[in-house]
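The structure appears below as structure tokens.
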Amino acid sequence: MIARVTLEIALRREFDYLIPPELAGRVEVGTRVQVPFGPRKVLGCVTALAETSEHPNPKPLFKVIGEQSLVTPKVLQLARWIGDYYCCAPETALKSVLPEAVRKESAGWRELLHVRALVPAGEFPKLPKRQREVWNLIEERRELPLQELLALTGTTAATVRQLENKGLVVIAPEISERDPYAREQILPSQALVMNPQQVAALARITAALDAPVVRPVTSPAPAPGETGERGGVGNRVFLLHGVTGSGKTEVYLQALAHTLAQGKGGIVLVPEIALTPQTVERFKARFSTGPHPTLVAVLHSHLSAGERHDEWHKIRQGRARIVIGARSAIFAPVEPLGLVIVDEEHEHTYKQEEAPRYHARDVAVVRGRLEGATVVLGSATPSLESFHNCQRGKYELLEMPERVDDQKMPHVRIVDMRDTARGGKGIPIFSPQLKEAIQQRLERKEQTILFLNRRGYSTSLQCPLCGYVAECPNCSVSLTYHRREQKLACHVCGHQARVPGVCPVPTCANPKIRFAGIGTERVEDTLVKLFPEARVCRMDTDALKRKDDFRRILGDFRVGKIDILVGTQMIAKGLHFPNVTLVGIIHADLALHLPDFRAAERTFQLLTQVAGRAGRGDVEGEVYVQSFTPFHAAIQCARRHDFVGFYDQELEFRRQLNYPPFGRVALFTLKGRNEEKVRLSAEHLRRELTTALGALPELVLAGPGAAPLAKAESYYRYQVMLRARQMPPVSRRLATLLPTLSFPDDVTLAVDIDPVNMA
Ligand code: ADP
Ligand code: ZN
């Protein structure tokens, strides 16, 4: 027998090894093995078994690692699809389906004393300085060997024991099973009595779950939404379009309960930022308590390697039958898989921005098809792609237009900032209308959320005399002024510079330099001046210094210790606070003018999401949208909560230009330090693409041209954009073409199929 093996070391191919007689029966697809590679021993994963090899005498593999193969055959098939569709090497695809902590696992755990951070239950205790420092490090690392901790902090074991006494850490020799939520007290929850729209949606989903599984489609799987006949396996995808607060999560919970009752498991994907302890708790409360508890495994990027390892094995062994996680949880080895839920399916964080550049929502649809599982995509603002798939009959649309408890949708008012700007000197941050509305909330002891998707104090530093603008030396962007820290910072590469007192152009030296463009820090400062009595708090990545700041600030806001919360997109989603009756959007047009065909869609989605934060309690909510283009369809439709109106108009625009969802896009980005070489390489690529793909119908190649972000971290960036009717024929030709292309050593090419970030 021959095992075909993908090796850990990145090489764009698979290698054949002989399975020695003593290992016969222990090697299957997905088994990890150690094999000889030249003089080295390397790790790999078996991707196929064969009777014979084309090689005259393949070497025998050394040994099998671990008891059980780590990926299920279906997940392996999924990895192959990813490799083919997204044009990446098989081992790159395989790396993403298996977390590193699991892949690299050596024989067993060493018996060392480990220190592990716990989620503190209740109030965080006051710590003396020394203990605080040690705790910070443990919290940062989640878990580390005691000896390493002592060496790093120069402290004694006694200090660590004190933290253990306070319930903040555990010290244990061999940690058999880490549970990051071990200290959380979770109260059981019961299924709620659903309202008619929830009942109707759930009925459709359970009918699909109960339907006999048509023989799952075998490889090669089609691209999401591109094939799949009505009534067959491909109709098992639902788009649950429910306004914010319509009770989608309850539908997910009951659909999962149905799946468990069938003896199957489920995967729930949520955007990383929404993976808060509260979200996890809602699922654990329903399934991990009571007489027949089911383990709920959690996978996200803040787990320690050990925690990730344990969660993965709990799933693989079939003990955890529900997985909740961010993007990569779509590869969790749940078997048999009955249901996949993708919440906030329109979120672009589902797209991985490094190879393999997969989109987890699309992978979910393909995985559902491979495994005969039902897929539910949920959102208050679905992507045009998914909505269009409903119109074409590929997905089934489930609508939940009402909020639970009949709460009214908030009243949205558009403020024309051109009027406000005309009045006096310059553009104010707050229109008189918004100022007045905030004042009212303060008087009524209600809360306000203010949203601006730009951090820092001001977005550029300019000299009005000579036209100088402070720019990053490494990137083609201006530097943002951070007032509290008195620095200029690049939001692309992190470069920092001092704030000059006068214009730095020697011949100018104008002392009156100007700060232009507003950021959240400036909004906060202005609020403090306008409403000195208000308790204001800012939430953006600058304000969050420590790991638990996010939770702490939200906790303070919830209990009413904060009157006004200012923030970036971090506060746009999923939070509900009954006492928030006002949401202000400071600058609604920010995302509208980005060089991206999805700019209007993003704006509509963001406005709708942010507006959904208002009026989640008894008092009706109010939203003020400040805009310089108040009549833009994205803004007007968001005001009227007119989803269909916006989508009809936007779809027509996409149809005319053959953009997704009507056509498919691939983006080729070339990067290098020498601009001329990058430009010539891009021209070369364009010629090669024309030759290799030119015969495909309706193919359009645009470029090469400098990317919207023309330079980043000292690398010049050029792009070629491709539009085609369908992607699989393009991917197949690219698989042949890409390995034959050669560029200068210092120029690299990134291929992004179905890109969401056009910069
Ligand atoms: P969505 O996910 O659509 O924004 P949620 O599922 O978070 O909405 O529901 C909003 C709130 O309504 C939650 O507090 C939830 O517990 C509650 N809820 C949902 N369905 C019901 C129901 N049928 N009866 C009572 N409360 C419900
Ligand atoms: Zn920079």
Side-chain angles (χ1 to χ4, degrees), residues 242-246 248 271 273-274 276 343-344 346-349 379-383 403 407-415 417 429-431 433-434 437-438 441 446-455 518-520 523-524 527 537-541 550 553-554 557 562 564-592 594 598-617 620-630 632-643 646:
V243 297
T244 46
S246 59
K248 293 186 288 295
I273 194 166
T276 57
D343 193 27
E344 310 274 8
H346 65 281
E347 268 294 315
H348 49 253
T349 52
S379 175
T381 51
S383 63
R403 283 183 162 184
Q407 288 166 338
K408 287 216 184 68
M409 293 302 282
H411 197 93
V412 182
R413 300 173 198 280
I414 313 285
V415 182
M417 291 301 275
I429 296 176
F430 297 103
S431 57
Q433 295 95 314
L434 179 55
I438 296 173
R441 295 318 183 284
E446 292 168 7
Q447 289 171 301
T448 298
I449 288 181
L450 295 176
F451 173 81
L452 176 65
N453 211 6
R454 213 157 52 176
R455 60 201 172 84
I518 50 168
T520 43
V523 174
E524 185 193 16
L527 276 173
C537 190
R538 174 164 55 97
M539 186 134 111
D540 55 27
T541 45
F550 184 77
I553 295 175
L554 288 186
F557 193 52
I562 297 167
I564 306 174
L565 187 65
V566 182
T568 53
Q569 62 193 5
M570 214 173 255
I571 59 170
K573 345 218 117 75
L575 312 174
H576 13 117
F577 302 104
N579 200 33
V580 173
T581 59
L582 174 66
V583 166
I585 295 164
I586 302 292
H587 194 341
D589 324 80
L590 269 188
L592 263 187
L594 296 177
R598 290 194 182 87
E601 182 184 355
R602 294 249 165 93
T603 301
F604 176 80
Q605 289 168 339
L606 200 57
L607 293 185
T608 307
Q609 296 278 349
V610 179
R613 301 307 118 229
R616 304 298 294 259
E620 197 177 334
E622 207 177 20
V623 181
Y624 281 82
V625 178
Q626 302 191 143
S627 167
F628 289 91
T629 48
H632 193 284
I635 292 174
Q636 282 298 328
C637 291
R639 176 178 73 78
R640 298 193 301 264
H641 309 289
D642 183 6
F643 173 84
F646 175 73

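The shown structure was predicted, so the numbers you read here are calculated from the model rather than taken from an experiment.
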State, yes or no, whether a side-chain contact exists between [X] and [Y] at a heavy-atom distance under 4.5 Å.
{"X": "L554", "Y": "M539", "result": "yes"}
{"X": "L592", "Y": "H632", "result": "yes"}
{"X": "L434", "Y": "V415", "result": "no"}
{"X": "R613", "Y": "T244", "result": "yes"}
{"X": "T541", "Y": "M570", "result": "yes"}
{"X": "L450", "Y": "T448", "result": "yes"}
{"X": "V243", "Y": "H641", "result": "no"}

(message) Holding to salt bridge (charged side-chain N to carboxylate O under 4.0 Å, His left out), I want the full list of residues that pass it with E601, two or more places apart in sequence or in another chain.
(response)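 In terms of salt bridge (charged side-chain N to carboxylate O under 4.0 Å, His left out), with neighbours along the sequence ignored, E601 is linked to R654.
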
(message) So, using salt bridge (charged side-chain N to carboxylate O under 4.0 Å, His left out) as the criterion, who are the partners of E347 when residues are at least two apart?
(response)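 By the salt bridge (charged side-chain N to carboxylate O under 4.0 Å, His left out) rule, E347 matches K573.
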
Point-to-point distance, once rounded to the nearest 0.5 Å, from [atom1] of [X] to [atom2] of [Y]:
{"X": "E446", "Y": "N579", "atom1": "CD", "atom2": "CG", "value": "6.0 Å"}
{"X": "S431", "Y": "I414", "atom1": "OG", "atom2": "CD1", "value": "11.5 Å"}
{"X": "I571", "Y": "F550", "atom1": "CD1", "atom2": "CZ", "value": "10.0 Å"}
{"X": "I585", "Y": "I449", "atom1": "CD1", "atom2": "CD1", "value": "10.5 Å"}

Test item: [X] side-chain N/O and [Y] main-chain N/O as donor-acceptor pair under 3.5 Å:
{"X": "Q626", "Y": "I429", "value": "yes"}
{"X": "H587", "Y": "G519", "value": "no"}
{"X": "N453", "Y": "Q569", "value": "yes"}
{"X": "D540", "Y": "T568", "value": "no"}
{"X": "Q447", "Y": "F557", "value": "yes"}
{"X": "E524", "Y": "C537", "value": "no"}
{"X": "E622", "Y": "H411", "value": "no"}
{"X": "R403", "Y": "M409", "value": "no"}
{"X": "Q605", "Y": "T381", "value": "yes"}

Nearest heavy atoms of [X] and [Y], plus distance in Å:
{"X": "A638", "Y": "T608", "value": "CB-OG1, 4.1 Å"}
{"X": "S379", "Y": "E344", "value": "CB-CA, 4.4 Å"}
{"X": "A591", "Y": "A599", "value": "O-CB, 3.4 Å"}
{"X": "D343", "Y": "P271", "value": "O-CD, 3.8 Å"}
{"X": "I635", "Y": "S627", "value": "CD1-OG, 3.3 Å"}
{"X": "A634", "Y": "F646", "value": "CA-CE1, 3.7 Å"}

(request) Over 60° means perpendicular and under 30° means parallel, so classify the ring planes of F643 and F604, tilted if in between. (result)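 It falls in the tilted class, 30° to 60°.
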
(request) Report the C-alpha separation of V610 and V623 in whole Å, then their side-chain angles, then the decisive distance to 0.1 Å, and conclude whether the side-chain contact (heavy atoms from CB on, under 4.5 Å) test is met. (result) CA-CA 9 Å; V610 179; V623 181; over 6 Å; no

(request) With side-chain contact (heavy atoms from CB on, under 4.5 Å) as the test, would you mind laying out the steps for V625 and R639 before giving the verdict? (result) CA-CA 9 Å; V625 178; R639 176 178 73 78; over 6 Å; no

(message) Under a 3.5 Å cutoff, is there a donor and acceptor pairing between the side chains of R602 and H348?
(response)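 The criterion, which ignores hydrogens and geometry beyond distance, is satisfied for H348 and R602.
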
(request) Take L452 and V566 through the side-chain contact (heavy atoms from CB on, under 4.5 Å) test and state the conclusion after the steps. (result) CA-CA 8 Å; L452 176 65; V566 182; 5.8 Å; no

